[in-house]
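Each remark here refers to the structure printed beneath this line.
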2 protein chains.
Amino acid sequence: MVSNTDRSGALAQRLSDSGLRSTPQREVIYSVLLGKRDHPTAEEVFARAKPEMPMISMATVYNCLETLVQCDLVRTVNFERGPTRYCPNLYPHAHFHDEATGATHDVDLPPGLLEQVKSILPAGFDASSVEIIFRGKARAQAEAHTL
Amino acid sequence: MVSNTDRSGALAQRLSDSGLRSTPQREVIYSVLLGKRDHPTAEEVFARAKPEMPMISMATVYNCLETLVQCDLVRTVNFERGPTRYCPNLYPHAHFHDEATGATHDVDLPPGLLEQVKSILPAGFDASSVEIIFRGKARAQAEAHTL
DNA sequence: AGTTTAATTAGAATGATTCTCATTCCTAGT
DNA sequence: ACTAGGAATGAGAATCATTCTAATTAAACT
């Protein structure tokens with residue numbers, strides 16, 4: 001398991017790799033994402049960061065999230081007609097969106113699946129990323145499994 | 001090939017199957033989608049419907065699109081941070097989003113792929129739909145291919 | 001310490017979508 | 001045909017998510 005300090009170090013490292021600065025705001029936003037991996041919206045991230053950093057603004061939350069995405073530390077997930085959600089899981093995975101509860105679950109991908117899916121692209125299409133989104137119902141028991 | 005009349009008939013049929021009425025607005029919206037299959041936004045659909053039906057309102061465009069989605073005649077596609085796009089292609093397919101041009105292309109799925117992708121879900125997850133979205137660059141030549 | 005550049009902040013502005021509600025249109029039942 | 005009731009539409013207001021602007025603060029680099 002990776003410690004929190006390592007994570008922060010990783011953040012600082014990634015930021016400086018991209019020529020960006022490590023700031024208290026960015027660290028708080030990132031730790032909020034790591035702390036509860038339920039694919040929060042920017043609004044939710046804001047609410048969770050506020051207690052630790054009461055002066056933080058929504059603009060900063062959006063800026064920091066965008067920064068983390070650029071550093072490849074965070075992915076975004078978009079479901080139809082809802083706000084963008086943020087996910088700090090770096091391993092290749094799909095998303096399952098539970099229509100009953102609104103919850104989002106990470107689904108591990110077997111090795112090779114992404115490559116296989118990419119292989120359906122006709123010549124001339126060069127995909128930099130692939131996203132797989134399931135929509136449906138999950139049993140309560142299954143929910144505990146992933147989140 | 002399916003004629004335009006059959007399509008309209010199909011629309012009327014699907015609507016009444018769902019206990020909904022066939023209206024001029026719904027027909028125009030649907031024919032707009034069938035006419036140019038470039039995954040337009042609601043705003044674009046509105047602009048294309050206006051010449052044929054000058055009094056139509058955005059509210060009606062949204063209502064009709066939503067209705068078509070409910071009848072399974074149209075799918076929605078969401079790319080990050082953009083308006084929802086609409087697609088009348090009923091065959092199972094993935095979407096390729098060209099980051100350079102903003103264009104969206106349908107990508108046919110080989111038989112069995114959706115099932116295979118669904119099979120990665122752990123027990124307890126029951127997916128009613130799967131969406132596969134690629135993001136990347138397409139050569140001009142490849143573009144002509146799909147759209 | 002002083003300059004430069006990046007980052008944050010508050011609030012305004014924009015964009016997309018949904019809501020409200022009055023009006024019009026259908027459809028069914030007389 | 002006539003009318004009551006529900007469905008669909010239209011105009012505009014309201015809401016929600018996100019981006020922009022301009023001013024302030026913080027960090028890094030002489």
Side-chain angles (χ1 to χ4, degrees), chain A residues 11-32 39-50 52-71 73-74 76-87 102 104, chain B residues 11-32 39-71 73-74 76-86 102 104:
Chain A
L11 170 59
Q13 189 58 53
R14 288 287 187 107
L15 286 168
S16 71
D17 284 355
S18 310
L20 300 165
R21 295 175 186 165
S22 179
T23 69
Q25 287 85 350
R26 286 170 178 172
E27 305 220 348
V28 166
I29 297 301
Y30 190 45
S31 77
V32 159
H39 306 82
T41 64
E43 202 77 44
E44 288 163 346
V45 171
F46 178 60
R48 292 175 198 178
K50 208 91 193 244
E52 291 215 38
M53 191 171 267
M55 294 301 289
I56 199 168
S57 74
M58 269 304 293
T60 301
V61 171
Y62 274 102
N63 288 341
C64 291
L65 288 171
E66 175 61 19
T67 300
L68 294 173
V69 168
Q70 278 171 11
C71 294
L73 284 168
V74 168
T76 59
V77 209
N78 285 76
F79 302 111
E80 28 201 284
R81 281 176 203 184
T84 298
R85 294 173 171 279
Y86 297 85
C87 168
T104 300
Chain B
L11 170 58
Q13 188 57 55
R14 288 289 185 106
L15 286 168
S16 72
D17 284 355
S18 309
L20 301 165
R21 294 176 186 166
S22 179
T23 70
Q25 287 84 351
R26 285 169 179 174
E27 304 220 350
V28 166
I29 297 302
Y30 189 45
S31 78
V32 160
H39 306 82
T41 63
E43 201 78 44
E44 287 163 346
V45 171
F46 178 61
R48 292 174 198 177
K50 208 90 194 246
E52 290 215 39
M53 191 172 266
M55 294 300 291
I56 200 168
S57 75
M58 268 305 291
T60 301
V61 170
Y62 274 103
N63 288 340
C64 291
L65 288 171
E66 174 61 19
T67 300
L68 294 173
V69 169
Q70 277 171 12
C71 294
L73 283 168
V74 168
T76 59
V77 209
N78 285 77
F79 302 111
E80 28 200 285
R81 281 176 204 184
T84 298
R85 293 171 173 279
Y86 296 86
T104 301

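In what follows, chains carry the letters A, B, and so on, assigned in the order in which the sequence lines appear, proteins first and then strands, with residues in each chain numbered from 1. Values reported hereafter were calculated over all heavy atoms of this structure, with side chains retained and with hydrogens, waters and symmetry mates removed.
Rounded to whole angstrom, the span from the CZ atom of B:Phe79 across to the C1' atom of C:dG15 amounts to 18 Å.
Under the 3.5 Å distance criterion, the side-chain polar atoms of A:Arg14 are matched with a main-chain donor or acceptor of A:Cys71.
Within the 4.5 Å cutoff, side-chain heavy atoms of B:Leu11 are placed close to those of B:Leu73. Side-chain contact check for B:Leu65 versus B:Ile29: some heavy-atom pair is nearer than 4.5 Å.
The side chain of A:Arg21 lies closest to C:dT5, out of D:dT19, D:dG10, C:dT5. In the set C:dT18, C:dA7, D:dT18, the nucleotide with an atom closest to the side chain of A:Thr84 is D:dT18. The side chain of A:Gln25 has C:dT9 as its nearest neighbour among C:dT9, D:dA17, C:dA7.
End-to-end axis angle of the helix from C:dA1-D:dT30 to C:dT30-D:dA1, using five pairs per end and rounding to 10°, comes to 30°.
A side-chain donor-acceptor contact under 3.5 Å links A:Glu27 and A:Ser22.
Of the residues in residues 57-64 of chain A, those with a non-hydrogen atom less than 4.0 angstrom from any atom of DNA chain C are A:Ser57, A:Ala59, A:Thr60, A:Asn63.
Distances shown here put every side-chain N or O of B:Thr41 at or beyond 4.0 Å from the OP1 or OP2 atom of C:dA16.
Residues forming a salt bridge (Lys or Arg N to Asp or Glu O under 4.0 Å) with B:Arg81 (at least two apart in sequence, or on another chain): A:Glu66.
B:Cys64 contributes atom SG, which lies 6.0 Å from atom CD of B:Gln25 (distance to the nearest 0.5 angstrom).
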